[in-house]
Asks: 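The following block contains the structure, expressed as structure tokens.
Protein chains get the first letters and strands the later ones, always in sequence-line order, with residue 1 at the start of each. The figures here come from the full heavy-atom set of this structure, side chains too, leaving out hydrogens, waters and symmetry mates.
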Number of protein chains: 4
Amino acid sequence: MTADPNVDADSAPRRGRPKEAGLAERRRRQIVESAYVVFAERGYEATGISDLAAHAGVGQGTVYRYFASKREILDHVFDFSVERLFEAVDPETLASTPTSLAELVETIQLAANRAFALIEREPEFLRLILVEASAIDQELKDRVLGLEQLAANFLVKSLRRGIKSGFVRSDVDPQVFAHMILMLILPGLLQELRGEGSPENRERYIGAVVHIMMRGLCAPMTVSV
Amino acid sequence: MTADPNVDADSAPRRGRPKEAGLAERRRRQIVESAYVVFAERGYEATGISDLAAHAGVGQGTVYRYFASKREILDHVFDFSVERLFEAVDPETLASTPTSLAELVETIQLAANRAFALIEREPEFLRLILVEASAIDQELKDRVLGLEQLAANFLVKSLRRGIKSGFVRSDVDPQVFAHMILMLILPGLLQELRGEGSPENRERYIGAVVHIMMRGLCAPMTVSV
Amino acid sequence: MTADPNVDADSAPRRGRPKEAGLAERRRRQIVESAYVVFAERGYEATGISDLAAHAGVGQGTVYRYFASKREILDHVFDFSVERLFEAVDPETLASTPTSLAELVETIQLAANRAFALIEREPEFLRLILVEASAIDQELKDRVLGLEQLAANFLVKSLRRGIKSGFVRSDVDPQVFAHMILMLILPGLLQELRGEGSPENRERYIGAVVHIMMRGLCAPMTVSV
Amino acid sequence: MTADPNVDADSAPRRGRPKEAGLAERRRRQIVESAYVVFAERGYEATGISDLAAHAGVGQGTVYRYFASKREILDHVFDFSVERLFEAVDPETLASTPTSLAELVETIQLAANRAFALIEREPEFLRLILVEASAIDQELKDRVLGLEQLAANFLVKSLRRGIKSGFVRSDVDPQVFAHMILMLILPGLLQELRGEGSPENRERYIGAVVHIMMRGLCAPMTVSV
DNA sequence: AATGAATGAGCTTTCATTCAT
DNA sequence: CATGAATGAAAGCTCATTCAT
């Protein structure tokens, strides 16, 4: 076995089919994306591995080459969804510290608009995150709630800064309000789930959220600016 | 619902075998109540008909004498849940037409407190309605959303009256605000789902909802009463 | 109608199909006996639950109503086999304390004959116990070996008594010889496995075993010849 | 391609690509040896081709280039095992025609010791031959039994010679006794399977076998005692 | 009317085998 | 030649539903 008669002078003994780097990652992606669609479409429980495989255009066995179980796929689908949400909202580009209530509201408005844009493009996204994932088990439910918590934490920081800067009332509880602000966008989400989503409606809702945040419900004379 | 032994419009006294009128209805009730408990406890998919039958103290076959399928039972469980929610909130006793923002807010607060009281007594209720039911199929999802719509309609009427009476700003869109007000209680619900629910927390949230509704977030000087 | 048609006066409220006592045990037996046959015929691994169910004349689901897993069925099949072996050999009727080597040998001969009679009737029995069971896992292998140990223990006692009585050489190690005596019947068993079993052959072998034991175990003075 | 790439008996100096004649055979050997190890370790059924290939350091596909099926590999593993047993026992060096019972017994003892030495070195060997192989199908079972037959034939010849020479009783049935002598070593094997094997135990057993054989086989006059 | 034994379709998962590279 | 990615048949097992009693 001195001079290997079999291959190449160069050090790497290239035997067999070359391993095509990145294939594994591509396949995983392909399967997760298919799962994202079919889970959203028919629900996690109602989707069989065979459906999933068929949609991905691979055999059932191939699915198990890349994922240990159906449940694990759901995990990755959730990650994938979160990833997409982050890409869509792109928090980096939001993080300018607001110096007035108007600015703060504007930032929130921007984030909401971006999220809605994603949902408009892919309505199943919402169902997957909000409805499917929550129903599987405690772990995934925790992850959904954790996502909301994450967003809330951003807002908490902004509100605290607002209070320190004086443009947010000091008797506002940042923790509490952060969550509530997030909830204010839920009616819009529900509309989407209902399939009644439309740009005009979205406008109305976002406008109302701004209103409520800036003014509450109190009548004009009471406020008197 | 007084002394009617026989149901139905005809009052002909059924001799021979009174057939234990209402027995069927009692059985259905018994099964639905059991299903309510076990579905909430273990989830719809994870619950087998045998679990359900065992909990109800009847045979599996008996379940199918009263319901055509597992899915149909869920329908009835949902109805039953809604029924309980209505009993708890008891909208009849809320419907006094408010004549001031404070009164309106107080009414909402009362309704919210009643709903929370139910959830505190039976936390699984929330899970069933919000999480389990939504994940089954479109029809049930629609029903969940319909429930929200129902509550919103109440609020819409109140807001319209408020606008007419002048204690609600006229630029408030009743439809939109109604939904949003409902959403404001969601953070509290999420806390319950997370198992972090506590009376103090609930107080904080409800207080904040009142605040936001009455004042918005604007700083005190801006408001100037 | 005074007597309630529904519930009856006697204490036991007999509702539904009567539970047919002993059915469960009968079904278990039926399935185990089928398994005994098909496992022996095709081997444990090669037998599917569907084969087993088909042979038993029941649905697959029914199998799982009575056994938790395929493996558990094998356990019971093993028990069943041991049970049959015991019935066939009927050790109770063997246990007369022998007072001479001839008597001891006769007893052993009788036991061997009975075992062979079973195997002749049901050759698959042997395969199941000796070959199939051993190959599944450590636990079953231990049980097979334990069975041999059990038989050996009987012999050890007899040999000890024989030594004390003087009709077995005192330099015989009871533990060791007990196992060996058992092994002496193995060539006969192997013949059966080979399908070459015949009464004449069995005679030859048992005769030879007697020969070897009489010569090997006899107390020194007795041998003389 | 002028140069036959395929090896074969012809000795024409293969220019260009000698094709590493015997490479195929080496590969086969490598795979079989790996299979020997992993089959013995985890069992035939429990071993996947991937395990096997990994242990052999080749791809799964390569395995199928050299063997048509998993089953065929087992065949070769069995051959390999027999081969090892023969190497260990080395019958050539045993075949000196014994001229006395003591010599015969000594020869058998030597063979047994060699076989035990192998088993002590590689306990899995026993499991493979005795337990795994037997359970697969009739063909392999036959081969296991054939192995015993082979050893028995050796003994038959020796016994016949012994009878002719007069140092073995003439009423000994060579066929029958040959098998029995082989069986006498089984308790020792079982101990190994049980994991209770130890040199002392082995001594005891072999001693007892010698004892029983000397007494059982010896010609009448010799015994006297 | 009530029962629970029986069923079988369908589930997730495994793995011997094939084949493009 | 060698490879390991891909495959799909088939496994064990579950459970909503049916039905004899």
Asks: Answer with base, sugar-phosphate or nothing: what part of the nucleic acid does B:Gly48 contact at a heavy-atom distance below 4.0 Å?
Replies: sugar-phosphate
Asks: When Watson-Crick pairs (N1 to N3 and N6-O4 or O6-N4) and G-U wobble pairs (N1-O2 and O6-N3) count only below 3.5 Å on both distances, what is the dot-bracket string of DNA chain E, with | for other-strand pairs?
Replies: .||||||||||||||||||||
Asks: Take A:Ser69 and C:Gly57, find for each the nucleotide of DNA chain E with the closest heavy atom, and name the residue whose nucleotide sits nearer the 5' end.
Replies: C:Gly57
Asks: Of C:Thr47 and B:Gln60, whose closest DNA chain F nucleotide lies nearer the 5' terminus?
Replies: C:Thr47
Asks: Which part of the nucleic acid, if any, lies within contact of A:Ser50, taking any heavy atom under 4.0 Å across all strands shown: a base, the sugar-phosphate backbone alone, or nothing?
Replies: nothing
Asks: Categorize C:Tyr66 for me: base, sugar-phosphate, or nothing, with a 4.0 angstrom heavy-atom threshold over every strand shown.
Replies: sugar-phosphate
Asks: From E:dT3, E:dT12, F:dT3, pick the nucleotide closest to the side chain of B:Val58?
Replies: E:dT3
Asks: Within the structure shown, what part of the strands sits under 4.0 Å from C:Val63 by heavy-atom distance: base, sugar-phosphate, or nothing?
Replies: nothing
Asks: Nearest whole Å is fine: how far is E:dA6 P from C:Ile31 CD1?
Replies: 8 Å
Asks: State, with a plain yes or no, whether a side-chain heavy atom of C:Tyr44 is found less than 4.5 Å away from one of C:Arg71.
Replies: yes
Asks: Please work out if C:Ile49 contacts a base, only the sugar-phosphate, or nothing of the nucleic acid, heavy-atom cut-off 4.0 Å.
Replies: sugar-phosphate
Asks: Verify, without hydrogens or angle tests, whether A:Thr47 (side chain) and A:Gly43 (backbone) share a donor-acceptor contact under 3.5 angstrom.
Replies: yes
Asks: Would you indicate which nucleotide in E:dA5, E:dT12, E:dA2 comes nearest to any side-chain atom of C:Leu23?
Replies: E:dA5
Asks: Provide, to the nearest angstrom, the distance between the CZ atom belonging to B:Arg71 and the P atom belonging to F:dC15.
Replies: 19 Å
Asks: Report the distance from atom CZ of A:Arg143 to atom CD1 of A:Ile136, rounding to the nearest 0.5 Å.
Replies: 13.0 Å
Asks: Please examine the side chains of A:Asp75 and A:Glu139, heavy atoms only from C-beta on, and report whether any two atoms are closer than 4.5 Å.
Replies: yes
Asks: Please state whether the rings of B:Phe125 and B:Tyr36 are parallel, tilted or perpendicular, taking 30° and 60° as the class boundaries.
Replies: tilted
Asks: Take C:Leu52 and C:Val38, measure what side-chain contact (heavy atoms from CB on, under 4.5 Å) needs, and give me the verdict at the end.
Replies: CA-CA 7 Å; C:Leu52 171 49; C:Val38 291; 3.9 Å; yes
